[in-house]
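What you see below is based on every heavy atom in this structure, not just the backbone, and it leaves out hydrogens, waters and symmetry mates. When a ligand or atom number is given, it counts from 1 through the structure's own listing order.
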Amino acid sequence: MACLRVGRQMLRQTASLVCPTTTTMMMMATKGEGFLGVCGGSLGGSQAYAPSCGVLERFGSSLLAPRREGRPFGSTKAETYDVGSSSNIKWHESPVTRDAREKQLNQRGCVLWMTGLSGSGKSTVAFTLEHMLQEEGKLCYVLDGDNVRHGLCQDLGFTAQCREENIRRMGEVANLMANAGIITVVSIISPFAKDRNKVRERMENKSDFHEVYMKIPVSVCEERDPKGLYKKARAGKIKGFTGIDAPYEAPENPEITLEVNDGNAAEMARELLDYLRSHKFLEY
Ligand SMILES: Nc1ncnc2c1ncn2[C@@H]1O[C@H](COP(=O)(O)OS(=O)(=O)O)[C@@H](OP(=O)(O)O)[C@H]1O
Ligand SMILES: Nc1ncnc2c1ncn2[C@@H]1O[C@H](COP(=O)(O)OP(=O)(O)O)[C@@H](O)[C@H]1O
């Protein structure tokens with residue numbers, strides 16, 4: 001037996017067509033569709049048991065497949081499909097669900113996306129939060145801009161195109177990590193609103209993404225200048241430095257805004273911890 005999550009975007013395939021649909025309690029309860037019925041809640045709330053589960057889930061005459069970008073509508077025989085520059089690929093669904101991982105971890109996966117100028121305190125607050133969560137027995141991982149540029153993004157510089165790709169990759173990894181049930185903190189300048197919004201759009205669940213705006217004025221960041229980069233940028237030794245001669249677009253509707261007067265890094269991290277707790281990410 002396997003479970004389906006209510007509200008999930010699926011492709012429903014019958015003998016003659018494939019169409020997008022969303023799993024609902026009504027569908028779950030429909031015996032004619034091959035569902036066994038609604039689960040009373042032993043796995044928690046919005047789930048139902050079904051006889052089988054996989055990339056294609058067979059219920060009587062219907063096939064349900066998770067909806068993925070690139071999968072064509074209107075074709076009954078498509079086993080593989082094209083995504084981006086890749087052809088003939090398909091999504092392999094794990095029999096282990098996100099719910100099962102979250103239950104195991106006793107938490108909910110999500111992404112806290114910390115955006116702000118260099119020196120605004122993103123890394124300090126992010127790693128302080130990770131430590132606080134670890135002490136509470138919660139699994140958190142920080143994807144820090146500097147760190148990820150040592151490997152996954154080492155081929156990227158600081159042109160607008162490189163930053164766009166950097167943010168895209170961070171977003172994709174964060175999406176996977178949230179799906180793994182991990183509280184994922186991304187600390188990256190991410191100066192362009194459209195790039196951050198694209199990441200939000202790409203999340204498996206829209207409610208996974210929480211934008212944290214480090215609203216620290218450039219004057220304060222420049223005063224801190226722990227790496228001496230503002231000094232170099234002012235001297236013209238670094239070109240295209242964010243906040244000096246490259247733009248930073250502040251978020252319009254961030255879920256959380258942290259300002260200088262919110263206190264020291266530990267107090268800011270505690271504010272994020274309280275947010276996670278009150279939004280029930282620290283429990284299953
Ligand atoms: N031109 C320019 N502009 C801004 N920052 C620069 C630049 N060159 C190097 N650095 C250093 O690289 C870190 C920023 O990397 P990010 O991956 O967070 O940047 S971005 O989101 O792709 O814009 C950033 O780290 P943080 O200070 O931790 O933000 C800087 O130390
Ligand atoms: N809330 C804070 N108040 C004062 N200084 C801070 C605070 N948060 C971070 N700092 C200091 O600011 C500097 C930049 O912090 P950092 O976390 O490296 O920023 P970013 O990752 O945004 O570049 C560091 O020297 C750090 O100790």
**Proximity of V148 to ligand 1 by residue part, where a heavy atom lies under 4.0 Å** = neither

**Contact with ligand 2 for L117, non-hydrogen, under 4.0 angstrom** = yes

**atom 27 (O) of ligand 1 [closest protein heavy-atom partner, distance rounded to 0.1 Å]** = S118 OG, 2.5 Å

**Item:** Nearest protein heavy atom with distance in Å, relative to atom 12 (O) of ligand 1
**Value:** F158 CZ, 3.2 Å

**Request:** Test ring pair (Phe, Tyr, Trp, His ring centres under 6.0 Å) on Y275 and H279 and set out the steps.
**Result:** CA-CA 6 Å; Y275 177 89; H279 286 75; 4.0 Å; yes

**Prompt:** Nearest protein heavy atom to atom 21 (O) of ligand 2, by residue and atom, and its distance?
**Reply:** S123 OG, 2.7 Å

**Prompt:** Given M114, R224, K122, M214, which has its nearest heavy atom closest to atom 3 (N) of ligand 2?
**Reply:** R224

**Request:** May I ask you to check if R163 and F158 form a cation-pi contact, with NZ or CZ under 6.0 angstrom from the six-membered ring centre and within 45° of the axis?
**Result:** no

**Asked** Is D245 salt-bridged to R234, going by a charged N under 4.0 Å from an acidic O?
**Response** no

**Request:** Mind checking the CD1-CD spacing from I182 to E102? Nearest 0.5 Å is all I need.
**Result:** 10.5 Å

**Asked** Among protein heavy atoms, which lies nearest atom 19 (O) of ligand 2, and at what distance?
**Response** G121 N, 3.0 Å

**Prompt:** How far is atom 24 (C) of ligand 2 from its nearest protein heavy atom, and which residue and atom is that?
**Reply:** P226 CG, 4.1 Å

**Request:** Please indicate whether any nitrogen or oxygen in I167 is less than 3.5 Å from any nitrogen or oxygen in ligand 1.
**Result:** no

**Asked** Short N/O distance, under 3.5 Å, between I238 and ligand 1?
**Response** no

**Asked** Is the closest heavy-atom distance from G119 to ligand 2 below 4.0 Å?
**Response** yes

**Within-shell test, S187 vs ligand 2, heavy atom, strictly < 4.0 Å** = no

**Asked** Parallel, tilted or perpendicular: which fits the ring planes of F209 and W113, with parallel below 30° and perpendicular above 60°?
**Response** tilted

**Request:** Within a distance under 4.0 Å of any heavy atom of G240, pick out the atoms of ligand 1 and give their elements.
**Result:** 1 (N), 2 (C), 3 (N)

**Prompt:** Heavy-atom contacts under 4.0 Å between D146 and ligand 1: side chain, backbone, both, or neither?
**Reply:** side chain

**Prompt:** Out of curiosity, is K122 lining ligand 1, as in a heavy atom under 4.0 Å away?
**Reply:** yes

**Fill in**
For T124, the atoms of ligand 2 under 4.0 Å from one of its heavy atoms are 9 (C), 15 (O), 16 (P), 17 (O), 26 (C)

**Item:** Close N or O approach (V125, ligand 2; < 3.5 Å)
**Value:** no

**Message:** Is A126 close enough to touch ligand 2? Criterion: a residue heavy atom under 4.0 Å from a ligand atom.
**Reply:** no

**Request:** List every atom of ligand 2 that sits less than 4.0 Å from any heavy atom of S118, numbering the atoms from 1 in the order shown and giving each element.
**Result:** 23 (O)

**Prompt:** Is it true that K198 and E164 make a salt bridge, defined as a side-chain N closer than 4.0 Å to a carboxylate O?
**Reply:** yes

**Request:** Answer with side chain, backbone, both or neither: which part of N166 has a heavy atom less than 4.0 angstrom from an atom of ligand 1?
**Result:** side chain

**Asked** Any Lys/Arg nitrogen of E255 or R200 sitting under 4.0 Å from an Asp/Glu carboxylate oxygen of the other?
**Response** yes

**From CG (D146) to NE2 (H150), nearest 0.5 Å** = 7.0 Å

**Close-contact set for ligand 2 against A265 heavy atoms, below 4.0 Å** = 1 (N), 2 (C), 8 (N)

**Message:** One residue to check: P191. Relative to ligand 1, which of side chain, backbone, both or neither has a non-hydrogen atom less than 4.0 Å away?
**Reply:** side chain

**Message:** Show the atoms of ligand 1 that are less than 4.0 angstrom away from any heavy atom in F241.
**Reply:** 1 (N), 2 (C), 3 (N), 4 (C), 5 (N), 6 (C), 7 (C)

